[in-house]
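Position 1 is the first residue of the sequence; numbering continues from there.
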Amino acid sequence: MRLELENLAKDGSFAHVYAPDDLLLDEQDLRLVEPARVEGLVRRKAEEVQVSGTLTTTVETPCARCLKPVLLPIKAEFFERFVTAVSWRAEVQHELASEDLNLSVFDGESIDLDELVREEVELATPVQVFCREDCQGLCPVCGVDRNLKVCECGSQEIDSRWEQLKDLRF
C-alpha cells in the first residue's frame with residue numbers, strides 16, 4: 001500500500017489490513033498466519049513527514065531448538081520520519097545521530113507502507129524463539145526430538161577434538 005500524501009484523510013489517519021499472502025517477508029523462516037492490521041497517523045512537519053502507528057499480527061517461526069512451528073503474537077508501535085532526497089543532499093556533511101535511526105528518504109509524494117510494515121514485523125520478532133523454555137531440541141547425531149523420545153546418541157558421542165583429553169591422568 002502506498003500512502004499518497006495528497007489523498008490522506010483530513011486528520012492524517014490511515015488504516016490497512018494485509019492478508020497473510022500480501023506481505024512477503026525477507027526472513028525465510030518467518031511467515032504471517034493472521035492478517036496484519038496497521039493503523040496510524042501521518043503528520044507533516046516542515047520538510048519532514050512523520051508516520052506513527054500500531055501494527056498487530058501473529059507470525060509463525062520455527063523453535064530454535066526443535067524446529068517445531070511457534071506462533072508468536074506481535075503488537076508493535078512504530079514511529080518513522082521521512083525526508084525527501086533533495087533535502088538530505090542539501091546538507092554538506094551529515095553525521096548520523098540516534099534520532100536519525102528512524103529516518104528514511106522518500107519521493108515527496110507517497111510513502112511505501114509495505115516496506116515499513118515488513119521491517120516492523122521483522123524487528124518485533126525475537127532472533128531466537130523457543131516452543132517452551134525447557135525445550136530439549138534435536139539430537140545432533142540421530143535427529144530425534146528429545147522432547148518426545150530419549151536417545152542414547154548424545155551420551156556416547158565424543159567430539160573428536162577433545163578425544164585425546166580422555167587419556168590424560170592426573
Side-chain angles (χ1 to χ4, degrees), residues 1-135 137-138 143 145 147:
M1 176 186 169
R2 295 188 66 78
L3 292 175
E4 301 291 337
L5 298 181
E6 292 178 357
N7 301 333
L8 282 175
K10 292 187 188 253
D11 63 354
S13 64
F14 66 91
H16 187 70
V17 177
Y18 289 93
D21 296 334
D22 290 349
L23 199 61
L24 299 174
L25 301 173
D26 294 335
E27 279 293 317
Q28 293 177 355
D29 293 337
L30 186 65
R31 71 180 189 91
L32 291 177
V33 291
E34 279 186 6
R37 290 170 173 50
V38 184
E39 298 174 342
L41 292 172
V42 177
R43 290 187 202 103
R44 277 196 182 267
K45 186 177 179 184
E47 302 247 341
E48 182 177 283
V49 175
Q50 298 175 344
V51 179
S52 60
T54 305
L55 161 72
T56 55
T57 189
T58 299
V59 296
E60 181 182 88
T61 188
C63 173
R65 292 183 183 146
C66 70
L67 303 179
K68 287 182 186 170
V70 178
L71 294 178
L72 188 66
I74 291 179
K75 183 169 184 173
E77 293 186 10
F78 58 88
F79 176 77
E80 191 78 20
R81 296 170 31 229
F82 292 87
V83 295
T84 60
V86 175
S87 68
W88 185 263
R89 282 191 222 129
E91 297 182 27
V92 176
Q93 188 175 11
H94 186 81
E95 185 175 323
L96 286 177
S98 61
E99 63 268 7
D100 293 333
L101 293 177
N102 65 349
L103 187 65
S104 298
V105 177
F106 80 118
D107 62 8
E109 297 176 10
S110 63
I111 294 171
D112 183 9
L113 189 62
D114 299 352
E115 186 60 35
L116 178 64
V117 171
R118 182 180 301 111
E119 183 179 294
E120 290 300 324
V121 167
E122 291 173 0
L123 286 173
T125 305
V127 175
Q128 288 189 334
V129 176
F130 303 111
C131 59
R132 59 182 205 231
E133 276 189 46
D134 63 340
C135 177
L138 302 176
D145 185 347
N147 297 314

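The ring-ring contact (aromatic ring centres under 6.0 Å, His included) contacts involving residues 39-69 comprise nothing, where partners must be two or more places apart or lie in separate chains. Among residues at least two apart or in separate chains, there is no salt bridge (Lys or Arg N to Asp or Glu O under 4.0 Å) pair with a member in residues 37-46.
When the side-chain contact (heavy atoms from CB on, under 4.5 Å) test is applied to Glu77, the partners found at least two apart in sequence or on another chain are Thr54. Residues passing the side-chain contact (heavy atoms from CB on, under 4.5 Å) test with Asp22, sequence neighbours excluded: Tyr18, Ala19. Taking Arg118 as the reference, Glu115 meet the side chain to side chain donor-acceptor pair (under 3.5 Å) condition, with sequence neighbours excluded. Taking Glu60 as the reference, Arg31 meet the side chain to side chain donor-acceptor pair (under 3.5 Å) condition, with sequence neighbours excluded.
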>> Determine whether Thr57 and Val117 satisfy the following criterion, side-chain contact (heavy atoms from CB on, under 4.5 Å), listing intermediate values before the conclusion.
In response: CA-CA 11 Å; Thr57 189; Val117 171; over 6 Å; no
side-chain contact (heavy atoms from CB on, under 4.5 Å) between Glu27 and Thr125, worked out:
CA-CA 10 Å; Glu27 279 293 317; Thr125 305; over 6 Å; no
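The shortest heavy-atom contact between Arg132 and Arg65 is O-NH1, 4.4 Å. Shown here for Gly137 and Asn147, the closest heavy-atom pair between the two residues is N-ND2, 4.1 Å. In plain terms, the two heavy atoms of Leu138 and Gly143 that are nearest each other are CD2-O, 3.9 Å.
Between Asp29 atom CG and Cys63 atom SG the span is 12.0 Å, to the nearest 0.5 Å. Distance check: His16 NE2 to Leu23 CG gives 9.0 Å after rounding to the nearest 0.5 Å. Separating the CZ atom in Phe78 from the CG atom in Leu123 is a distance of 12.0 Å, to the nearest 0.5 Å. If you take CE on Met1 and CD1 on Ile111, they are separated by 10.5 Å, rounding to the nearest 0.5 Å.
The closest donor-acceptor contact from the side chain of Glu122 to the backbone of Asp26 lies under 3.5 Å.
The number of heavy-atom neighbours closer than 6.0 Å to NZ of Lys75, taken from other residues, nucleotides and ligands shown, is 12 or below.
Each of Ile74, Leu71, Val70, Val33 was scored for a side-chain contact (heavy atoms from CB on, under 4.5 Å) with Val59, with one residue passing: Ile74.
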